[in-house]
Amino acid sequence: MLVYNSQRILHTCFLERLKALKDEYERRVAQYRLAKNFNYYFKHHGGVEHKAGVPVGGTFILVYHEERRNRLIDVSSVFINKELGTLMLSRFQNLLKPSVSLSEIEFNTKLLQVSTLYRDPELYLRFKDVMSKYLDDCKDLPKNKRKIIQDIIDKPPAQPHFKLKDGMVIADFYVPYMCCSDCPPVAYILPPPPKDETKPPTIKIEGKNFCDNDKTEFPISVTPAGGIITGDGVKVRADGSFVFVPLNVSPGAHTITYTANGKSVSVTVQIVTSPNPKFSFETIVQDGQMTVFLKNESTGTDDLTTYNWLLDGTLFSDKKDPDPIKFKVQTLPHTILLRASNGKCPGEFSAEINLVTEDRQISVCKNADEFPLEPNLSTTDTIKVLSNDGIKMKNKSLMILPAATSVNQTNVFHVSYTINGKQVNVTITLIVVSAGFTMKLEHNPSPTAVFPTILTLAAKQAGADKYAWKLTTVTGSGIDFFTRDVEINLSQINIPAGTQLNILLTVGIMDQSGSACGDTKEFVLTRDLFNKHLNKGEFDNLTTS
């Protein structure tokens with residue numbers, strides 16, 4: 001019975017079926033390994049492309065690096081890498097055999113790994129064979145040189161600085177269809193997520209565009225109450241309500257967010273820059289008519305900014321820089337207003353136009369030849385002299401001529417003129433310095449009393465910046481004094497009474513420009529004059545007898 005059953009088994013198709021099953025398994029394993037290679041996969045799926053994500057029903061493809069770890073060789077690489085497969089079939093067949101010693105597998109695996117690091121692995125193996133044969137045939141080669149050559153042959157090429165780590169993702173792609181099993185697709189039906197019965201929060205604000213100089217508090221409506229609001233320009237009133245204040249919020253888009261019951265809702269508002277209008281002006285007055293030249297100096301504007309110029313409330317121009325305007329002097333003053341707008345965000349600037357006057361006071365030395373009333377005068381300035389009460393002057397250049405003016409003492413003059421529409425009133429003090437002085441000689445004539453001779457000197461010019469006295473005797477000795485009034489005891493300075501003295505006085509006054517106005521007077525006090533005026537009171541430097 002046993003013999004009969006065994007013969008029956010041998011003559012059935014059981015072994016062929018088992019072998020066919022094994023072959024199909026191995027084919028599918030090889031196909032699976034081959035399908036894991038991106039290059040092989042790409043050749044069979046030309047629709048592969050990169051995109052942010054993958055559509056429903058599509059296939060997501062991830063390309064990553066995988067280390068070999070302790071595996072010596074993967075037989076499936078024969079089918080994946082053409083160059084590696086050629087090397088294994090031509091030079092490393094032992095790696096494909098099932099019964100090979102471990103040492104031989106390790107040696108050939110290492111050699112295969114080193115060769116694949118070169119650009120031409122086959123050329124490297126040929127070079128290694130030639131050099132190995134040379135080392136084997138050359139018996140008289142020193143050991144140290146033999147080792148150097150051997151190290152050069154066995155040493156792998158320099159590795160690149162960048163290394164891929166195990167599991168590092170290189171790229172991701174997708175195909176817009178299900179891929180790649182040959183089994184029928186399986187569909188899954190997921191239950192819908194549970195509904196959230198809580199109502200979402202709401203937020204509302206009147207308007208979307210606001211000006212950055214607007215101080216208005218715009219109410220913000222939210223539901224439900226009790227939530228948290230965030231955003232630039234948002235304030236909470238005392239009653240708990242929310243408002244939005246555009247003032248000082250930076251220009252641009254801003255988001256206001258309201259959060260309640262774990263949910264958030266937002267609204268976006270736009271802050272528009274408000275212009276800062278400003279202008280300067282120059283005026284020219286001629287023949288009783290004033291011409292005003294306006295210059296726009298506004299900031300915070302752009303090419304879309306609009307401008308309106310108003311004279312006493314009446315529009316006269318919508319240009320950025322308007323044409324000059326004219327009106328009679330007797331109609332002054334006038335008000336000019338500039339209104340600039342960036343959309344719905346306006347700004348205003350105004351200035352009063354009037355006949356501007358300037359009052360000045362200057363002091364000039366009488367001995368100065370010329371002195372300009374307007375040092376920075378140019379040929380384009382418009383000048384008109386209104387009045388002059390006596391000082392010599394060149395009207396076209398507003399140059400006064402003190403030395404040519406007939407005065408013998410300090411005097412005051414007044415000049416009025418207009419320059420570019422501005423009236424200037426100048427008070428001019430013409431400084432005339434006098435170094436005249438008075439003298440007095442006193443002595444007690446009693447023969448019994450001891451009383452020295454006193455010489456008193458006094459300058460006539462008051463308020464000077466400088467007084468300089470110099471007394472010189474006939475012998476050449478001298479003495480100096482620097483006050484307006486001087487009292488000299490002749491006995492104390494060893495000058496005998498009646499001795500001839502030379503008296504010199506210099507007086508100086510500084511004018512407004514810093515120049516010195518000065519005068520010097522000299523007088524010789526002779527013995528005859530000394531005796532004649534002793535105890536006779538004051539006499540001055542004009543005395544001759």
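None of the values given here were measured: they were computed from a predicted structure.
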S.K.: Do side-chain atoms of Tyr417 reach the backbone of Asn388 as a donor and acceptor pair under 3.5 angstrom?
M.R.: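 Here the side-chain-to-backbone pair does not exist.
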S.K.: Side chain of Asn144, backbone of Lys147: donor and acceptor closer than 3.5 Å?
M.R.: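 The answer is no, because no donor-acceptor pair under 3.5 Å joins these two groups.
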S.K.: Taking ring-ring contact (aromatic ring centres under 6.0 Å, His included) as the cut-off, I'd like each qualifying pair that reaches into residues 337-360, sequence neighbours left out, listed once.
M.R.: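 Residue pairs passing ring-ring contact (aromatic ring centres under 6.0 Å, His included), neighbours aside: Phe279-Phe349.
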S.K.: Could you pull out the closest heavy-atom pair between Asp511 and Ser363, with the gap in Å?
M.R.: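 It is CB-O, 3.3 Å.
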S.K.: Look at the aromatic rings of Trp469 and Phe437 and report parallel, tilted or perpendicular, splitting at 30° and 60°.
M.R.: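 If you compare the ring of Trp469 with that of Phe437, the planes turn out perpendicular.
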S.K.: Could you check whether Phe210 and Phe244 have their ring centres less than 6.0 Å apart?
M.R.: yes
S.K.: If I take atom CZ from residue Phe413 and atom NZ from residue Lys392, how far apart are they, to the nearest 0.5 angstrom?
M.R.: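 It is 10.0 Å, given to the nearest 0.5 Å.
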S.K.: Spell out, as yes or no, whether a donor-acceptor pair under 3.5 Å connects the side chain of Thr331 to the backbone of Phe327.
M.R.: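 It does not hold such a pair.
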S.K.: Backbone N or O of Ser434 within a donor-acceptor pair of the Gln461 side chain at under 3.5 Å?
M.R.: yes
S.K.: With a 3.5 Å distance limit and no angle check, can you tell me whether Asp480 reaches the backbone of Lys470 through a side-chain donor-acceptor pair?
M.R.: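 The answer is no, because no donor-acceptor pair under 3.5 Å joins these two groups.
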S.K.: Do Thr410 side-chain atoms and Val432 backbone N/O form a donor-acceptor pair below 3.5 Å?
M.R.: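 Side chain of Thr410 to backbone of Val432, a donor-acceptor pair under 3.5 Å: yes, one is there.
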S.K.: To the nearest 0.5 Å, how far apart are CG in Leu398 and CD1 in Ile383?
M.R.: 4.5 Å
S.K.: Does a salt bridge link Arg237 with Glu217, judged by any charged N lying under 4.0 Å from a carboxylate O?
M.R.: yes
S.K.: Can you tell me how far CG of Leu430 sits from CD1 of Ile400, rounded to the nearest 0.5 angstrom?
M.R.: 7.0 Å
S.K.: What residues form a side chain to side chain contact (heavy atoms under 4.5 Å, CB included) with Ser250, not counting sequence neighbours?
M.R.: His254
S.K.: Has Ser341 got a side-chain atom pairing as donor or acceptor with Gly343's backbone, closer than 3.5 angstrom?
M.R.: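 It does not hold such a pair.
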S.K.: Is Thr483 reaching over with its side chain to a backbone N or O of Asp485, donor-acceptor style, under 3.5 angstrom?
M.R.: yes
S.K.: Does this structure show an ion pair linking Lys440 with Glu538, if we count only N-O contacts that are shorter than 4.0 Å?
M.R.: no
S.K.: Atom CZ in Phe316, atom CG in Leu337: separation rounded to 0.5 Å?
M.R.: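 The CZ atom of Phe316 sits 9.5 Å away from the CG atom of Leu337.
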S.K.: Once rounded to the nearest 0.5 Å, what's the spacing between atom CG of Leu455 and atom OG1 of Thr453?
M.R.: 9.5 Å
S.K.: Nearest heavy-atom pair of Tyr258 and Gly227: which atoms, and what distance?
M.R.: OH-N, 2.8 Å
S.K.: Looking at every non-hydrogen atom in both residues, tell me the closest pair between Val364 and Pro402 and how far apart they are.
M.R.: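 Taking Val364 first and Pro402 second, the nearest heavy atoms are CG1-CG, 3.6 Å.
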S.K.: When rounded to the nearest 0.5 angstrom, what is the spacing between CD1 in Ile488 and CD1 in Ile493?
M.R.: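 Taking CD1 in Ile488 and CD1 in Ile493, the distance rounds to 5.5 Å.
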S.K.: Name all residues meeting the side chain to side chain donor-acceptor pair (under 3.5 Å) criterion together with Thr472; count only those two or more places apart in sequence or in a different chain, and write none if there are none.
M.R.: none
S.K.: Could you go through Glu358 and Arg360, starting from their C-alpha distance and side-chain angles, then the distance that decides it, and tell me whether this counts as side-chain contact (heavy atoms from CB on, under 4.5 Å)?
M.R.: CA-CA 7 Å; Glu358 178 185 353; Arg360 282 190 285 159; 3.3 Å; yes
S.K.: Looking at Asp212 and Ile271, would you say the former's side chain and the latter's main chain have a donor-acceptor pair under 3.5 Å?
M.R.: no
S.K.: Keeping Asp540 on the side-chain end and Leu542 on the backbone end, is there a donor-acceptor pair under 3.5 Å?
M.R.: yes
